[in-house]
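Report on one structure; see the data block that follows.
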Amino acid sequence: MGGNRSGRGDGGAGTARGGSPVNAPRQYVLLACGCLIALTLLVTSNLQSSLGLKALDEVLGQSARLDHVDRLQMLMVDAETGVRGYLLSGEAVYLEPYEKAAAQLPEAIAQIRRDMASRPAEHDRVEGLASLVGAKLDAMAEAVARRTMEGLQRDDLVGKILMDEARNQLADLRGLINQDIARSIEVSTGGFQLTRAIGIMLALGSLALLLALFAVMRRQNLLRGRLAELLRTENARLEAQVAARTTELSQLARYLTVAREAEKESLARELHDELGALLTAAKLDAGWMRRKLPPELREQWHERIERLLHTLSSGIALKRRLIDDLRPPLLKDLGLIEALRALCEDFAMDREIRVSCELPEAADDIDEEHALAIFRIVQEAFTNVRRYARAGSVGLHVGREDGLVRIEVRDDGIGFDPTQLASDRHGLAGMRHRVQTYAGRFEIDSSPGRGTRIVAELPLA
Amino acid sequence: MRGVTAAANSPLRILLVEDSDLLLGVIGEMIDEIDGVELSGAAQGETAALAQLNGTKVDLAIVDLELAEGSGLGLLRQLRSDPGRFGGSRVVVFSNHAHAAIQRQCRALGAEAFFDKSEGVEALIDFVEDAAREAAAGSR
């Protein structure tokens, strides 16, 4: 829990690094635990199966030993039964099982010796049994011989005692082996219980591990979800901020454009009303003087008067140019369409350029501000063509498309690479800004040697 | 001048429409000097000019395009839309707006001639003198 809390505490400072580095150590620990559990499972299951096999071997060996003990006893009983039958009846037929059993007894004893060789402590007991069996065999052989030679005999007391003793010994041996079997089973049962306990522990460990993993993943998912949500809201906030700023800037740019145009307009008016009137009045008076000059003075003053008139004309021309630069000369008087047509005519007259001009029928619904912007864009585009394009022909197309005006100016001049151009050259930046001011779209399509096409779309709203 | 005697009978009545006081004076004097011409009035805006044209008989209106109120083109439009009301005066434009498109527009709106203020003074005087002679000949 402590790790969890500190991890979460770090989250604030480490947000940039993401959630996973915080959880990485915990994940490694979980992985290590998982590996450890799997390895332990492997080892214990291996151990358990080998232990089981060993125990099975032991039990099998001990039950074989029991069989051997039983076999010895059975052989002895067979031999004694045969001997007793012969002793009672004298029939030789009873001797056959006796002889058969007697022949097999040494091997049975040897087998038991081999069986018990691993237990030196029981060596004496085995040897005692062997000599007991030997004595019993001897006794039986003697009894058989006596019967053959001397006829019917009394009870074979010695044989019975020996047999009972052998029975006892064999029972002891059996008990001994049974004890061994019980011990083996006990040992392997203990082993099984241990592995069972280990198995339970491992299973519980795995379960805990799974739960921990699930918790970690869940936490990570939650964290990821929260981060994504955070990112989303942050993005939305930033986008809204950018949109707001853009609107603000656009409004500012629009305000500045309008203010600048208004200033220019006022300056132009001043130039026209005051300076224009002064120059024109002077020129008119100078002209009057030239007309009214007495003939005798006319010759003498001719040069000065002509120069004065010329100077005044130059002044008027300069004033006119200044005014035309400050405000579109025709826009107010003629309206946008005629002003644009006049612009095209001027352009065609000015230069040896073929100018084609496609304009809409009417533009009465376009307000003064937008009309001025459209006029300025075309004017700037023409200025560019004049200055840089070296074009043979230029085409102006102004079209109306629902709610916006589309201006296209194309020329067949030398073109340029728009990606290489300093943003400021060619007055393109000015055009772009003007279009952006009115939330429009501006597009330049040009490449060296392929002419230039400029498209500006201006929403009228 | 030839029209002196005729002019005394019925001078050409001229209305000068010009927004600058200075130019109004200079041009007024210039026009006034021409024989057979009477400067019957002056106006600095479109509405004032229309009022004068409506109230008094004017033979020739000399109109500047840029006015203190309204515009010369507006005046031309008004005259064209209702010629009877304004006595069917002849109109010429005397302006700095030398652009061909403007000149065309003026002619389309009924202006007989277009004179550049800076270069066309002599032509205007010639035109007025001719008009004065024609008026005198007509009234004879």
Side-chain angles (χ1 to χ4, degrees), chain A residues 265 268-292 308-324 327-350 357 359 375, chain B residues 1 16 18-34 44-46 62-77 93-109 111 114-126 129:
Chain A
E265 166 73 32
R269 183 159 280 280
E270 197 85 353
L271 275 175
H272 172 267
D273 288 353
E274 307 299 331
L275 183 65
L278 287 174
L279 287 171
T280 307
K283 173 117 199 251
L284 290 176
D285 279 341
W288 181 87
M289 279 191 262
R290 183 175 62 177
R291 285 196 302 278
K292 303 289 175 179
L308 175 60
L309 281 167
H310 184 259
T311 306
L312 288 169
S313 289
S314 300
I316 289 168
L318 173 64
K319 175 220 71 172
R320 212 175 264 179
R321 212 164 49 242
L322 284 174
I323 290 175
D324 283 1
R327 72 171 168 200
L330 313 165
L331 196 53
K332 249 192 187 142
D333 296 317
L334 296 182
L336 177 63
I337 303 302
E338 286 307 313
L340 286 175
R341 189 163 287 133
L343 203 62
C344 289
E345 280 170 22
D346 278 1
F347 195 42
M349 241 188 310
D350 230 30
C357 187
L359 301 169
F375 187 88
Chain B
M1 294 259 165
L16 190 54
E18 163 67 56
D19 66 332
S20 158
D21 286 326
L22 177 63
L23 286 178
L24 212 52
V26 174
I27 300 168
E29 279 175 28
M30 217 170 59
I31 298 292
D32 228 11
E33 283 176 4
I34 300 171
Q44 287 183 303
E46 183 180 328
I62 299 175
V63 178
D64 187 10
L65 290 181
E66 208 136 351
L67 299 177
E69 175 267 327
S71 77
L73 282 171
L75 180 59
L76 289 177
R77 262 182 219 111
V93 176
F94 187 50
S95 171
N96 266 321
H97 271 301
H99 198 278
I102 296 271
Q103 297 194 16
R104 211 169 40 234
Q105 182 87 354
C106 291
R107 290 209 173 82
L109 288 172
F114 187 103
F115 302 103
D116 186 282
K117 248 185 202 169
S118 138
E119 307 296 335
V121 161
E122 324 252 315
L124 173 68
I125 291 171
D126 286 349
E129 281 173 351

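Computation of the quantities below employed the complete heavy-atom set of this structure, encompassing side-chain atoms and omitting hydrogens, waters and symmetry-equivalent molecules.
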Chain B contact via Arg341(A) - which portion, at a heavy-atom distance below 4.5 Å: neither
Side chain / backbone / both / neither for Leu279(A) at chain B, heavy atoms under 4.5 Å: neither
Side chain proximity check, Ile27(B) to Ile62(B), heavy atoms < 4.5 angstrom: no
Any Cys106(B) side-chain heavy atom under 4.5 Å of Leu76(B) side chain: yes
Which answer fits [X], side chain, backbone, both or neither, if we ask what part of it has an atom under 4.5 Å from a heavy atom of chain A?
{"X": "Glu29(B)", "answer": "neither"}
{"X": "Asn96(B)", "answer": "both"}
{"X": "Ile125(B)", "answer": "side chain"}

Winner by heavy-atom pair count (cut-off under 4.5 Å) against chain A, out of Arg104(B), Lys117(B), Glu18(B), Glu33(B): Glu33(B)
Reference residue Gln44(B); test side-chain contact (heavy atoms from CB on, under 4.5 Å); the match among Leu67(B), Asp64(B), Asp21(B): Asp21(B)
Winner by heavy-atom pair count (cut-off under 4.5 Å) against chain B, out of Glu274(A), Arg269(A), Lys283(A): Lys283(A)
Presence of salt bridge, Arg290(A) and Glu122(B), under 4.0 angstrom: yes
Glu270(A)/Lys319(A) salt bridge by N-O under 4.0 Å criterion: no
Partner residues of Leu308(A) under the side-chain contact (heavy atoms from CB on, under 4.5 Å) criterion, sequence neighbours left out: Ala286(A), Leu312(A)
